[in-house]
Undergrad: 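Got a structure here, written out as structure tokens. Questions coming.
Because the structure is predicted, anything quoted here is derived from the model rather than measured. Lettering follows sequence order; numbering is per chain, from 1.
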Number of protein chains: 2
Amino acid sequence: MARAGLTTERLIRAGAELADEVGFEHVTISALARRFGVKVASLYSHLKSSQDLKTGIALLALEELADRVADALAGRAGKDALAAFAAAYRDYAREHPGRYAAARFRLDPETAAASAGVRHAQMTRAILRGYDIAEPDQTHAVRMLGGVFHGYVDLELSGGFSHTPVDPDESWSWIVDSLDTLLRNRTTP
Amino acid sequence: MARAGLTTERLIRAGAELADEVGFEHVTISALARRFGVKVASLYSHLKSSQDLKTGIALLALEELADRVADALAGRAGKDALAAFAAAYRDYAREHPGRYAAARFRLDPETAAASAGVRHAQMTRAILRGYDIAEPDQTHAVRMLGGVFHGYVDLELSGGFSHTPVDPDESWSWIVDSLDTLLRNRTTP
DNA sequence: GTAATTGCCTAATCCTTTTAGGCAAATCGT
DNA sequence: ACGATTTGCCTAAAAGGATTAGGCAATTAC
């Protein structure tokens with residue numbers, strides 16, 4: 001009997017693709033097995049559980065997203081960095097809705113601490129370096145940025161904007177613009 | 001054999017409670033049947049499907065949330081209204097995390113159009129009446145507010161803020177403050 | 001009080017998850 | 001190259017959730 005050549009790596013990668021196709025909530029060990037033409041039980045040599053698979057996809061997505069953001073941020077500062085950060089975030093979500101949803105999968109604390117989520121936090125703070133905002137305002141600002149970007153993308157992805165004939169791209173620019181102004185005025189001298 | 005007295009109404013209400021206890025994603029027809037001490041199949045006289053149950057809970061949550069927001073908004077304007085709106089939103093999410101998640105459940109377009117989601121949109125726009133913002137900026141602002149509030153609450157609920165020792169309440173006030181300033185300066189004369 | 005309806009039940013099917021145990025293929029030591 | 005070990009995928013099976021069909025008792029309607 002020929003072997004399929006499964007590895008945890010490949011399974012998680014395929015799981016991520018599956019997530020983009022059918023939605024993260026529909027990613028299932030069974031569907032994955034079907035996709036590889038093997039029996040369900042075979043996957044348990046590579047994955048501890050369904051939870052394990054989801055966690056793997058989440059970590060992959062966080063990694064990818066952090067890489068993109070890092071690229072986008074390289075060599076930029078101030079509003080330029082803010083806009084690039086925002087774009088990286090939103091583009092990733094639109095290109096990979098399933099992975100994006102996965103990135104929001106709740107990880108247990110230890111896993112989260114070892115994940116690329118940490119880099120995300122650092123990079124968000126890095127943006128604020130261009131705005132001279134001291135603590136605790138800086139934390140407030142980090143939370144606000146995280147909130148707007150995630151919230152906007154989430155609403156857009158779930159179709160919340162489809163009932164108003166205003167280009168979401170324009171809203172996005174307007175928001176980035178507004179946030180820039182806001183942060184510049186919140187400077188703590 | 002004594003009857004349990006199930007109705008669609010009661011099932012959905014119990015489903016909402018269950019959601020708050022175990023999380024919306026763990027609400028299941030089986031769990032609900034267990035809670036009422038009846039057999040699973042019995043619920044199918046009142047619910048078309050699992051999807052139907054989730055939709056019902058979502059509609060209930062949207063309704064409740066809209067009612068709360070409407071109450072909060074009554075007689076207020078400007079920053080006062082903004083803060084009340086924000087508080088109603090966040091408080092509901094913290095008191096009823098399962099229902100809040102349900103409110104974000106993706107409904108098919110017709111159902112959504114007939115839901116309290118419409119009132120939410122109207123009320124968000126109502127807040128902006130205190131700020132003299134014309135279209136299309138008004139839509140941009142609506143989207144931004146929806147994004148921040150939802151995004152912040154979502155991040156807070158999923159534990160995203162637990163790694164920084166800054167009171168989320170303070171961040172929240174700071175954000176509301178900032179948004180107020182922002183909207184006042186975005187006035188279209 | 002009989003007839004029609006309705007509510008909950010049993011039974012059965014299908015899908016997903018997960019564990020246990022088996023056999024063949026790949027890999028390793030010599 | 002060859003036997004031994006490890007490893008990968010398999011079959012089997014149990015358990016839980018969703019869903020449908022068909023039955024009988026309790027309620028409601030006349």
Side-chain angles (χ1 to χ4, degrees), chain A residues 1-61 98-99 101-102 105-108 111, chain B residues 1-61 98-99 101-102 105-108 111:
Chain A
M1 230 166 242
R3 293 193 179 184
L6 307 181
T7 63
T8 306
E9 192 59 20
R10 283 188 66 195
L11 287 173
I12 287 175
R13 204 161 291 283
E17 280 161 31
L18 186 58
D20 286 335
E21 289 164 26
V22 305
F24 184 60
E25 68 278 14
H26 296 123
V27 170
T28 182
I29 301 240
S30 301
L32 206 50
R34 234 173 277 132
R35 168 164 300 216
F36 278 97
V38 300
K39 297 295 168 177
V40 184
S42 307
L43 302 204
Y44 283 83
S45 305
H46 309 279
L47 302 169
K48 271 199 287 293
S49 65
S50 180
Q51 179 82 3
D52 195 44
L53 169 62
K54 287 177 191 149
T55 300
I57 299 174
L59 292 175
L60 173 67
R99 286 157 146 99
F105 183 65
R106 187 161 187 162
L107 304 171
D108 53 292
T111 311
Chain B
M1 228 165 243
R3 291 193 181 185
L6 307 180
T7 62
T8 305
E9 192 61 19
R10 283 188 65 196
L11 287 173
I12 287 175
R13 203 161 294 283
E17 280 161 30
L18 186 57
D20 286 335
E21 290 165 24
V22 304
F24 184 60
E25 68 279 14
H26 296 123
V27 170
T28 183
I29 301 241
S30 301
L32 206 49
R34 233 172 279 131
R35 170 165 297 218
F36 279 96
V38 300
K39 296 295 169 177
V40 183
S42 307
L43 301 203
Y44 283 84
S45 306
H46 308 279
L47 303 169
K48 271 201 285 295
S49 64
S50 179
Q51 178 81 3
D52 196 45
L53 169 62
K54 286 178 191 149
T55 300
I57 299 174
L59 293 174
L60 173 68
R99 286 157 146 100
F105 182 65
R106 186 161 189 161
L107 303 170
D108 53 292
T111 311

Undergrad: Can you tell me if CD on B/E9 sees more than 12 non-hydrogen neighbours from other groups inside 6.0 Å?
TA: no
Undergrad: Determine the minimum heavy-atom distance between B/A101 and B/F24, stating which atoms define it.
TA: CB-CB, 3.9 Å
Undergrad: Does any residue of residues 10-18 of chain A have a heavy atom under 4.0 Å from DNA chain C, and if so, which ones, in number order?
TA: none
Undergrad: Please list, by residue number, the residues of residues 21-45 of chain B whose heavy atoms come closer than 4.0 Å to an atom of DNA chain C; answer none if no residue qualifies.
TA: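 B/V38, B/K39, B/A41, B/S42, B/S45, in order of number.
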Undergrad: Could you tell me whether A/R106 and B/E25 make a salt bridge, using a distance below 4.0 angstrom between a side-chain N and a carboxylate O?
TA: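 Looking at A/R106 and B/E25, the cut-off is not met.
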Undergrad: Assess whether side chain to side chain contact (heavy atoms under 4.5 Å, CB included) is satisfied between B/D108 and B/T55, documenting all intermediate values.
TA: CA-CA 9 Å; B/D108 53 292; B/T55 300; 5.6 Å; no
Undergrad: Distance from A/D20 atom CG to A/E17 atom CD, nearest 0.5 Å?
TA: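 The distance works out to 8.0 Å.
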Undergrad: Test A/S50 against every option in A/I29, A/T28, A/L43 by the side chain to side chain contact (heavy atoms under 4.5 Å, CB included) rule and name the one that passes.
TA: A/I29
Undergrad: If you measure from CG on B/L18 to CG on B/L53, what distance do you get to the nearest 0.5 Å?
TA: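 Here the interatomic distance stands at 8.5 Å.
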Undergrad: Using whole Å, what does the distance between atom P of nucleotide D/dT20 and atom CG of B/D52 come to?
TA: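 Distance check: B/D52 CG to D/dT20 P gives 11 Å.
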Undergrad: Under 4.0 Å: is that the gap between some side-chain N or O of A/H46 and OP1 or OP2 of D/dT7?
TA: no
Undergrad: Where do B/A14 and B/R35 come nearest, in terms of heavy atoms and distance?
TA: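 Smallest interatomic distance, heavy atoms only, reads O-NH1, 4.2 Å.
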